[in-house]
Amino acid sequence: MKAPPPVEPICVKVNDAARMIGVGRTKLYELIASGEIEAIKLGKSTRIMTASLHELVMRQRGPE
């Protein structure tokens with residue numbers, strides 16, 4: 001029996017998002033404030049959209 005492929009989360013905690021792109025929490029909050037990364041509030045928790053992290057990295061790479 002084959003295990004299903006792992007599911008990528010739609011959003012992650014701030015610490016996890018910062019670790020994913022190699023920046024600190026302060027820099028991540030700056031990116032959120034500038035609108036470069038999309039974040040949502042779930043109750044009192046802030047979650048970062050993983051698609052927005054991927055988009056940020058692709059923008060920073062520039063045209064190929």
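All values below come from the heavy atoms of this structure, side chains included, with hydrogens, waters and symmetry mates left out. Here the structure is a predicted model, which is why all the values come from computation and not from measurement.
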Practice item. Count the heavy atoms of every other residue, nucleotide or ligand shown that sit under 6.0 Å from CD1 of Ile10, and state whether that count exceeds 12. Key: no
Point to revise | Worked verdict on Ile37 versus Ile21 for side chain to side chain contact (heavy atoms under 4.5 Å, CB included) | key: CA-CA 11 Å; Ile37 290 181; Ile21 61 171; 4.1 Å; yes
Within this structure, what is the [atom1]-[atom2] distance for the pair [X] and [Y], rounded to the nearest 0.5 Å?
{"X": "Thr26", "Y": "Leu31", "atom1": "OG1", "atom2": "CG", "value": "11.0 Å"}
{"X": "Met49", "Y": "Glu55", "atom1": "CE", "atom2": "CD", "value": "9.5 Å"}
{"X": "Glu38", "Y": "Thr50", "atom1": "CD", "atom2": "OG1", "value": "10.0 Å"}

Exercise for review: Side-chain contact test, heavy atoms from C-beta onward, threshold under 4.5 Å: evaluate it for Thr46 versus Ile48 and give yes or no.
Suggested key: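 Counting from C-beta outward, Thr46 and Ile48 do come under 4.5 Å.
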Check your understanding: With no hydrogens and no angle check, is any side-chain donor or acceptor of Arg59 less than 3.5 Å from a backbone partner on Glu36?
Key ->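 Flag set: sc Arg59 to bb Glu36 pair under 3.5 Å.
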Review point. Is the backbone N or O of Lys44 less than 3.5 Å from a side-chain atom of Lys41, with the two atoms forming a donor-acceptor pair by type?
Key: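 Answer holds: yes.
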Point to revise | Derivation and outcome, side chain to side chain contact (heavy atoms under 4.5 Å, CB included), residues Ile40 and Leu42 | key: CA-CA 7 Å; Ile40 60 169; Leu42 294 173; 4.1 Å; yes
Check your understanding: How far apart are the C-alpha atoms of Glu8 and His54, what are their side-chain angles, what is the distance that settles it, and do they pass the side chain to side chain contact (heavy atoms under 4.5 Å, CB included) test?
Key -> CA-CA 12 Å; Glu8 181 179 330; His54 290 283; 3.0 Å; yes
Exercise for review: Tell me, with the steps shown, if Asp16 and Arg19 meet salt bridge (Lys or Arg N to Asp or Glu O under 4.0 Å).
Suggested key: CA-CA 5 Å; Asp16 295 334; Arg19 193 173 325 111; 3.2 Å; yes
